[in-house]
Amino acid sequence: MAARFISHCGARLGRPNLHSLVWEGGHLLLDCGGPRAPLDALPSPPDAVWVSHAHGDHCGGLPDLFGRAPGARLLTSRITKALLPFAVSEAVGQKARAVPWRRFVDIGGGARLLALEAGHVPGAAMALVEIDVADRSEPIRVLYTGDFCTHELVTLSGAGLPVLDGRIDALVIETVLAADAKADEVEYESEVARLREVVAAQPGPVLVGVTSVGESTEVAAVLEGVGKVVLVDEFLRPLFEAVGRDGEFGDRRRMREHLATGGVVIAPGDQLRAHSSGGRLLGEIEEDDTARVVVLNRAREKTPAGRLVRRGVGRGEGGQAGGASVSRHLLINHAPRWQLMAMIQGLAPRRTFLVHGTTGARWALKRALEGGGYRGDVVVVEEGEELVIGEDQIGQA
Ligand SMILES: [Zn+2]
Ligand SMILES: [Zn+2]
């Protein structure tokens, strides 16, 4: 008896992650991103849902899911459970059962799940699912990485290469940075050092726009001890508390005052989008020659961060144009291509399912793996496609 993997959504980049692992005894949902996850596509109500981490594209669909399948169990790491009230809702947080690190827990239907640290953001976890099947000597093994990275962050260890008793039948792996050549060259420690130097040397105010879960606590830790008072948006206080980190917090008025006196402010606002806290504060300092705007990671073209980076890296530094200096720092928390290759080649699963990346990037990674001597089957997953796991080994019991 084989198992099946179906990616309903999230095989491509920028879509909520919603994948099913189905076998004779059960149906486990792997992530439930939102808000518009196609829950109508599920083959049956799931028995349980595994949430890899507290980013909206992995957990934002949970309220809808529980509206339809109130009996489904919710499994996640302890820290993700603590973050779910912030990321989704109090009710969803209370529903979650925290799974310990590196210890199998029974999930019913003849299956068990092992959570492994994934790096990326606080609480992020990979799930190894083992399913006992009658006609096979070994269980079917599926590893779902969720978002991950193997390099160390300042606040988090990177994911290790899982050491397992047997071979993995299917590895479902994210590929967000698979084709990002710049990310592939990042030396994380150097990026951290450069950001610290830039902030320490700035004569005037510094505004850092961050994503809430992950970047905010990481940047606060990076900037510890730079010799300036770093103020964090009050909105982020519960998140810092959930992951056990200190900070100095202030509301919008205090952040404005702090910037006016040349302080450093960390405010939520991925790519400093207009409606965000960081986006609103940008207007306060953009024309200030002594100020600096720090853009982290993504800076897509149509966002304020993209516009700033295009127009302004080095602006003010050469002394010609007025206004705030802008710098971009790649504090990446996804695996770049070399880490993806190392993970896949190191684990040598029978089948590798590439998800959560652009189709072009996933095809490029598939070609690189095949050219690099990987002997397993690499699938650029199509949304809605059903993939069989474990069939090749049936009859070898
Ligand atoms: Zn994520
Ligand atoms: Zn993601």
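Both counts, for ligands and for their atoms, begin at 1 and track the order of listing. These numbers come from the heavy atoms of this one structure, side chains and all, not from hydrogens, waters or symmetry mates.
- Looking only at N/O/S atoms, Asp147 comes nearest to the Zn ion (ligand 2) through OD2.
- For Arg337 against Ala364, the heavy-atom pair with the smallest separation is NH2-CB, 3.7 Å.
- Of the angles at the Zn ion (ligand 2), the one spanning NE2 of His356 and NE2 of His58 is 100° when given to 10°.
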Test log, rule side chain to side chain contact (heavy atoms under 4.5 Å, CB included), inputs Leu231 and Phe249: CA-CA 5 Å; Leu231 195 67; Phe249 301 95; 5.7 Å; no
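- Aromatic pair His334/His120: centroids less than 6.0 angstrom apart.
- Look at Asp57 and the Zn ion (ligand 1): no N/O/S atom of the residue is under 2.8 Å from the metal.
- The angle subtended at the Zn ion (ligand 1) by ND1 of His55 and NE2 of His53 is 100°, given to the nearest 10°.
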Full working for side chain to side chain donor-acceptor pair (under 3.5 Å) between Arg12 and Thr358: CA-CA 5 Å; Arg12 285 186 282 140; Thr358 64; over 6 Å; no
